[in-house]
Amino acid sequence: MTAAPPDLPGFQGSLFDQGADMRPGPLRGLRRTELGRGAWVDHLPGWFLGADALFEELVAEVPWHAEERKMYDHVVAVPRLLAYYREGAPLPHPALVAAREALDRHYAPELGEPFVSAGLCLYRDGRDSVAWHGDRIGRSATHDTMVAILSLGDPRDLALRPRGGGPVALRLPLGHGDLVVMGGSCQRTWEHAIPKTSRAVGPRISVQFRPRGVG
């Protein structure tokens, strides 16, 4: 079901990102955290310049849609809006093309292939979320890979824990142009989530770049 451009009150732009020049910054400041079991996470706050301007354009221009899923005997609304761009489909903004090209250049020696698809999630407020999961559809169920996430809008926590449960091992507040890349065995040996929150938070867009055959 395609949604009209959402009305999103409460978005607070960053005091440090007020420019209209939308482009990725350098990646030399990436910090890697080794999670164990062959999994790792790279994190770079404020990587994308003009992130708030890009957020506003994507909110208005992307054909967001709502989805429903069957859960036991009920059909429930997926608690976020979605958009997906398969391999070969034009991305909704040239700034996202530039971001993907920068990631391809940086990670090519380690990944050995380009990022080809992009999934977008719009978290409208603290009630929107994504449950614990790993991106284990396709090759990532059996092979090491990467998923790169560009975060726009108000920060929301990305939580990570070992697959199968247990306490949160790493929590990263992501927003306003932050980059996180989950690599190695992360998708099959760890789980990640965007938990619901009762805090007053504004909207956030997550842009997930994936290689071929990773879902």
Side-chain angles (χ1 to χ4, degrees), residues 30-45 47 66-84 86 103 106-107 110-113 115-175 178-199 201 204-215:
L30 276 168
R31 293 187 61 185
R32 179 162 297 187
T33 300
E34 299 288 347
L35 299 173
R37 304 168 69 184
W40 53 263
V41 170
D42 282 353
H43 181 217
L44 180 56
W47 171 58
E67 288 186 357
E68 294 180 336
R69 293 179 183 171
K70 188 173 183 180
M71 182 175 292
Y72 305 108
D73 295 329
H74 303 281
V75 175
V76 298
V78 172
R80 56 196 177 278
L81 299 181
L82 304 167
Y84 186 69
R86 300 182 183 278
L103 292 167
H106 182 83
Y107 285 104
E110 193 169 9
L111 181 59
E113 60 181 320
F115 296 96
V116 298
S117 66
L120 279 67
C121 296
L122 173 55
Y123 300 86
R124 293 158 290 189
D125 55 33
R127 294 169 294 181
D128 280 356
S129 64
V130 62
W132 289 107
H133 72 289
D135 294 354
R136 290 189 285 271
I137 298 174
R139 292 187 297 124
S140 51
T142 55
H143 292 79
D144 288 1
T145 189
M146 294 185 196
V147 176
I149 300 174
L150 170 62
S151 190
L152 309 168
D154 274 11
R156 290 287 300 274
D157 285 351
L158 173 71
L160 294 105
R161 70 182 186 186
R163 184 178 179 182
V168 172
L170 182 65
R171 189 181 297 271
L172 298 171
L174 300 178
D178 296 347
L179 173 69
V180 67
V181 180
M182 295 178 284
S185 69
C186 194
Q187 299 304 327
R188 67 179 188 277
T189 62
W190 284 68
E191 298 175 325
H192 56 278
I194 303 292
K196 295 181 187 295
T197 179
S198 59
R199 292 184 291 111
V201 295
R204 168 186 179 257
I205 291 174
S206 168
V207 184
Q208 311 109 41
F209 298 106
R210 295 182 174 90
R212 181 178 294 115
V214 175

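These figures come from a predicted structure and were not determined experimentally.
Atom CG of residue Leu179 and atom CG of residue Leu103 lie 6.0 Å apart, to the nearest 0.5 angstrom. Atom CZ of Arg31 is separated from atom CG of Asp42 by 11.0 Å, given to the nearest 0.5 angstrom. Taken from CG in Leu152 to CG in Leu174, the straight-line distance is 11.0 Å, to the nearest 0.5 Å. Rounding to the nearest 0.5 Å places OG1 of Thr33 at 6.5 Å from CG of Leu35. We find the CZ-CG distance between Arg199 and Asp157 to be 5.5 Å, quoted to the nearest 0.5 Å. Of the inter-residue distances, the one linking Cys121 atom SG with Leu81 atom CG reads 9.5 Å to the nearest 0.5 angstrom.
Side-chain atoms of Ser185 come within 3.5 Å of backbone N or O of Arg37 as a donor-acceptor pair. Looking at Arg156, its side chain does come within 3.5 Å of a backbone N or O of Pro195 through a donor-acceptor pair. A donor-acceptor pair is defined here as one N or O able to donate and one able to accept, closer than 3.5 Å; such a pair exists between the side chain of Arg80 and the backbone of Ser129. With His133 contributing its side chain and His192 its backbone, the two residues share a donor-acceptor pair below 3.5 Å. Here the side chain of Arg188 pairs no donor or acceptor atom with the backbone of Arg136 at under 3.5 angstrom. Proximity of a side-chain donor or acceptor of Ser140 to a complementary backbone N or O of Asp135 within less than 3.5 Å is detected.
Side-chain contact between Lys196 and Tyr123: absent, with no pair of heavy atoms (C-beta onward) separated by less than 4.5 Å. A heavy-atom distance below 4.5 Å is not found between the side chains of Asp178 and Leu44. In this structure the side chain of Arg171 never reaches within 4.5 angstrom of the side chain of Pro173, judged on heavy atoms.
Using a 30° and 60° split on the angle between ring planes, Phe115 and Tyr107 fall in the perpendicular class, above 60°.
Between Tyr84 and Gly119, the closest heavy-atom pair is CD1-CA, 3.8 Å. In this structure, Ser151 and Arg204 approach most closely via the heavy-atom pair OG-NE, 2.6 Å. Looking at every heavy atom in both residues, Ala39 comes nearest to Trp190 through CB-CD1, 3.6 Å. The two residues Gly165 and Glu191 have their closest heavy-atom pair at N-OE1, 4.0 Å. Considering every non-hydrogen atom in both Cys186 and Val41, the closest pair reads SG-CG2, 4.5 Å. For the residue pair Arg161 and Pro167, the shortest heavy atom distance occurs at CB-O, 3.5 Å.
By the neighbour-count criterion of 12 heavy atoms within 6.0 Å, atom CZ of Arg212 is sparsely surrounded, having that number or fewer from other residues, nucleotides or ligands. Heavy-atom contacts from other residues, nucleotides or ligands closer than 6.0 Å to CD1 of Ile137 number 12 or fewer.
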### Query
Please walk me through it: do Leu30 and Trp47 pass side-chain contact (heavy atoms from CB on, under 4.5 Å)?
CA-CA 9 Å; Leu30 276 168; Trp47 171 58; over 6 Å; no
### Message
side-chain contact (heavy atoms from CB on, under 4.5 Å) for Ile149 and Met182? Distances and angles first, verdict last.
### Response
CA-CA 8 Å; Ile149 300 174; Met182 295 178 284; 3.7 Å; yes
